[in-house]
Amino acid sequence: MAIKVKVEFLGGLDVISSGVREHKLSVPLEEGEATLKDLVDYITNTIITDPKDIPVFIEDDTVRPGILVLINDTDWELEGGEDYVIESGDVFTFTSTLHGG
Amino acid sequence: MAIKVKVEFLGGLDVISSGVREHKLSVPLEEGEATLKDLVDYITNTIITDPKDIPVFIEDDTVRPGILVLINDTDWELEGGEDYVIESGDVFTFTSTLHGG
Amino acid sequence: HTKIDEDFTLDEYKRYGRQMIVPSFGSRDGQVRLKHSKVLVIGAGGLGCPALLYLSAAGVGKIGIIDDDVVDTSNLHRQVLHTTDSVGIHKCESAKRYISRLNPHVQVETYPYRLTNSNAFDIINKYDVIMDCTDTPATRYLINDVSVLCSKPIVSASGLKTEGQLTILNFKNMGPCYRCFYPKPPKPETVTTCTDGGVIGPAIGLMGITMALEAIKLITGYYTKENFKPFLAQYSGYPQQTLRVFKMRNKQHDCAICSPSATITKEIITNNEIDYASFCGKVNTNIL
Amino acid sequence: HTKIDEDFTLDEYKRYGRQMIVPSFGSRDGQVRLKHSKVLVIGAGGLGCPALLYLSAAGVGKIGIIDDDVVDTSNLHRQVLHTTDSVGIHKCESAKRYISRLNPHVQVETYPYRLTNSNAFDIINKYDVIMDCTDTPATRYLINDVSVLCSKPIVSASGLKTEGQLTILNFKNMGPCYRCFYPKPPKPETVTTCTDGGVIGPAIGLMGITMALEAIKLITGYYTKENFKPFLAQYSGYPQQTLRVFKMRNKQHDCAICSPSATITKEIITNNEIDYASFCGKVNTNIL
Ligand SMILES: [Zn+2]
Ligand SMILES: [Zn+2]
């Protein structure tokens, strides 16, 4: 019943999961129904090591602006955003926007 | 019955397929039996536009030394070389070794 | 340097020969376009130095360099156009010195002051391609808005520690812009500069070079309305060096600057009715 | 430059501060290792120039540069350490001039002659990391064999037109070597140099910078026996810039130079019993 997906934190965002960038997850959700919103909630509750770091990832109940979300290397804006229905084998990439130069 | 695979020519090897690097192929072979050797023969007969270019790709009946072969981004040496049994969804990358500096 | 045809001297044919014979460069026509092109590099630091190095070596006709900063010792591990003897000199001046020695065919204009609401339009309007090599969101939004209003494409990159990002914005006025990607400015506390967070020289250097190549692709006409796809390239130096391309959204129909329903105009900017520093917010020190 | 502790002067702390605060760099210890390291750059051309630029900026203690070539105008679009006024001068000398201006803390040794069977062991033995920035298979096999016999790791890269490749060979004498990857030399007709096939400056420049970062990772101890995985990174500049990592084979049990059953020895090389040029073959002109 679990959905096997990969989650990546880039651009320094891995600070919220003790420096671990790649997570191979077996998400206990219903394939065909679970959306990216559900996955984000699941990540917030399971992967973020220190609750203090949640605001780095979440703001106003969604992914914080300044973090780009990619589904299989494609901007989630092109895939329905939070309503995207997740599938086994999907890769979800969360990357902080960098400003340094 | 056909096996859907992707074939890529990098390092300038796309010269043998009129500059086309990526080929999405539907190979008319038996999945579970067809090996990389069969795929190389198929490529030689179908994708190489000009027979004169065959020696750029093939030498002594196998892939010419100086061309690295990757199966899903992994050196074919680690996957059984020509005996690798191809599967739908596989990506086969052939890249010429570059020497310039 | 006497010309041997209407475009080039013998020295230029010798100098650019190796790149002219590369098919995707566009051969002689590609070089002519480079020679007639004007590129503005905003920021002569970790991104700007390598970008300037390879653009001037490639034969861009005119390069503008805008940076109000002076060279400091702490720049030298990554801002490789500046040398020990140029510490204390304006960065754009220091960069100009090396460029003139590297390629006398390149005309260099220096602007040793900050890009502001009032001077941005005049400067940006003089160039064909805008290179955003700055290091704060405020400058990036200003450069974006003015470039969109001046119909100029932007090659934009950024980097921190061991990572980097690269994109092309406002491509032929049909591609997405910075506000299309980032409609809301980031919270200041979440923004780290290379000065505070640190950066490894080759990581930011590599991003600067990728900018030079994207500028060359723009100028030589490699990108067309048909083949251009909005993208963000993400570089990581560790654990292994990778550069991955993400497929990005198109121009957003509700974008504040580049959509038909845009609300930001040239007058609003030049009259200082929008203050980019406060738009991006000051760091709220009581949270730190 | 008076030292303020047993390792560094104040200038060095200022100069390297930004990279020292990057976690994966290894902070002060990483810098100490760089300062005590000796890196040999073989070839001061399209790969060597950017590699030298960023290695010297990063604070490598000693850099050796070996190149028998003199600067030519046709190099200047990509060999960015050389300037117009150094045309006709030895490349390693021209490179040394810039490095000394960029970072006086770096000791530079120049070898303005070809690497050969007889001089290779003496030179390579003096360094910790070998950078293969050459442009022919013959030099690459020679560098490989001598480095393996001297137990030195090699950072090896190559490039042509708009593409490039990067790898680390002979890592701690457990990783694969050049012969493990390429047991048979390529047919000479299939080998193209940047001079004949052309190259775009930023493409080969980017590969040189990736080499500098791999050398820094080696020197600062980032790679260990546990985490090192044999790889080949493949760069393409067109249509979009990507750098992909291929997982590569391990040390080959039947390798002619690095396996227990190796047949090539130091004596065979120094007695010129192996001629790398003919091993790689002359171009068979009657086929062309
Ligand atoms: Zn927009
Ligand atoms: Zn070997």
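The shown structure was predicted, so the numbers you read here are calculated from the model rather than taken from an experiment.
Among C:Gln19, C:Lys161, C:Arg101, the residue making the largest number of heavy-atom pairs under 4.5 Å with chain D is C:Arg101. Taking chain D as the reference chain and counting heavy-atom pairs below 4.5 Å, the highest number among C:Gly17, C:Ala233, C:Gly237 is found for C:Gly237. Among D:Val245, D:Thr73, D:Asp72, the residue making the largest number of heavy-atom pairs under 4.5 Å with chain C is D:Thr73. Ranked by heavy-atom pairs under 4.5 Å with chain D, the first of C:Asn103, C:Thr162, C:Leu76, C:Leu81 is C:Leu76. For chain D, the option among C:Lys229, C:Arg78, C:Met20, C:Arg244 with the highest count of heavy-atom pairs below 4.5 Å is C:Arg78. Top candidate by heavy-atom pairs under 4.5 Å with chain D, chosen from C:His82, C:Gln240, C:Gln79, is C:Gln240.
The closest donor-acceptor contact from the side chain of C:Thr242 to the backbone of D:Leu243 lies at 3.5 Å or more, if one exists at all. D:Ser74 places no side-chain N or O within donor-acceptor distance of the main-chain N or O of C:Arg15, the cut-off being under 3.5 Å.
Contact annotation for D:Asp196: only backbone heavy atoms (N, CA, C, O) come within less than 4.5 Å of a heavy atom of chain C. For chain D, the nearby part of C:Leu166 is the side chain; its heavy atoms alone come within less than 4.5 Å. In this structure, chain D has no heavy atom under 4.5 Å from any part of C:Ser86. For D:Thr195, the parts lying under 4.5 angstrom from a heavy atom of chain C are both the backbone and the side chain. If you measure heavy-atom distances from D:Tyr235 to chain C, the contacts under 4.5 Å come from the side chain alone. With a threshold of 4.5 angstrom between heavy atoms, C:Tyr13 does not approach chain D through any atom at all. Using a 4.5 Å cut-off between heavy atoms, D:Asp11 touches chain C through backbone and side chain atoms alike.
Around the NZ atom of D:Lys35, the shell of radius 6.0 Å holds more than 12 heavy atoms that belong to other residues, nucleotides or ligands. Residue C:Lys62 qualifies as enclosed at atom NZ: its count of foreign heavy atoms under 6.0 Å is above 12. Around NZ of D:Lys14, the count of heavy atoms belonging to other residues, nucleotides or ligands within 6.0 Å does not exceed 12.
D:Tyr238 and C:Ile216 make their closest contact through OH-CG2, 4.4 Å (heavy atoms, listed as atom of the first residue, atom of the second, distance).
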Contacts under 3.5 angstrom, residues 198-214 of chain D side chains, donor-acceptor by atom type, not counting sequence neighbours:
residue: D:Thr210; atom: OG1; partner: D:Met207; partner atom: O; Å: 2.5
residue: D:Glu214; atom: OE1; partner: D:Tyr223; partner atom: OH; Å: 2.4
residue: D:Glu214; atom: OE2; partner: C:Gln241; partner atom: NE2; Å: 2.8
residue: D:Glu214; atom: OE2; partner: D:Lys217; partner atom: NZ; Å: 3.0
residue: D:Glu214; atom: OE2; partner: D:Tyr223; partner atom: OH; Å: 3.4

Distance-only donor-acceptor hits, side chain of residues 44-58 of chain D, under 3.5 Å, sequence neighbours excluded:
residue: D:Ser56; atom: OG; partner: D:Leu52; partner atom: O; Å: 2.6
residue: D:Ser56; atom: OG; partner: D:Leu53; partner atom: O; Å: 3.0

